[in-house]
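Atoms within a ligand are numbered from 1 in the order they appear, just like the ligands themselves.
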Amino acid sequence: MRKNIVAGNWKMNLDINEGDTLLSNILEQPIDSAVTTIIAPPFIHLERFHQMLSGSNIALAAQNCHNQVSGAYTGEVSVKMLKSVGVQYVILGHSERRDYFNEDSITISYKVNHVLEHELRPIYCCGESLEQRKEGVHFDTIEKQIKQGLFHLNEMELRNCIIAYEPIWAIGTGETASPEQAQEIHEFIRSIIAKQYNPMVAEEISILYGGSVKPSNARELFASKDIDGGLVGGASLDAQSFGQLTNSF
Ligand code: 13P
């Protein structure tokens, strides 16, 4: 059975002290223990948070990684390093990485492999721009991103992936995809997985929605048949909102 998941992507926010304060406040919130709850802070927080989270039900994610174990890659962080500080999940292919750092699905597919080789779980992001939606190519865009980033995996490997659908036009804009719009894409993603692999795998993969998720819209989104939770930016920076999101299923 697939899992309900709430993952907070802090993006490039909060210094050491601010991060400690937010995490301490989150730890005081009622978090639904049946929901897989994940926090993806900037790298500088990971080691400390690993200690602060021991004994809690909250797991740690990184927001990116490199695809080599070590070497002359100035400024990069490897999965082995992430694993050594307790990271269990890595967000890959976020639209901000695709847009600002020129990451394409092929590059991201190498990262997916690397994360899986180290027995961590990728949270693979996909999503169309406003122009692509207006042109009516959003299904093609998503299909291409999923195929190039994930469909080289075998069934076992794919089962260890989480997918996040994040329409770019809904990220940080306050404009959320309607539950119908999100459900339509999630169902589509499941259908292409079923075609490439089999319906059972498609049913088992958690697919998260991301894009202005907040307590006021989460319940309706998460109630949709193929939406298994959220990848949350802004609202994850507020302890109370984040706690509420885990109680929105
Ligand atoms: P917002 O929730 O701030 O729209 O960000 C979504 C996102 O990009 C999560 O990865």
Taking only residues two or more places apart in sequence, or in another chain, which ones meet R98 in a salt bridge (charged side-chain N to carboxylate O under 4.0 Å, His left out)?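 Per chain and number, R98 pairs via salt bridge (charged side-chain N to carboxylate O under 4.0 Å, His left out) with no residue.
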Residue shell for ligand 1, any heavy atom closer than 4.0 Å, reads N9, K11, H94, E166, A170, I171, G172, G211, S212, L231, V232, G233, G234
Assess, by modelled atom type and distance only, whether the side chains of H186 and D228 contain a donor and an acceptor separated by less than 3.5 Å. no
A quick test of your reading: do over 12 heavy atoms of other residues, nucleotides or ligands sit less than 6.0 Å from CD of E76?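 Correct, the count exceeds 12.
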Side chain S216, main chain K214, donor-acceptor under 3.5 Å: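 Answer holds: no.
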Between N4 (side chain) and F249 (backbone), is there a donor-acceptor pair under 3.5 Å? no
Enter the distance from Y197:OH to I205:CD1 here, rounded to the nearest 0.5 Å. 8.0 Å
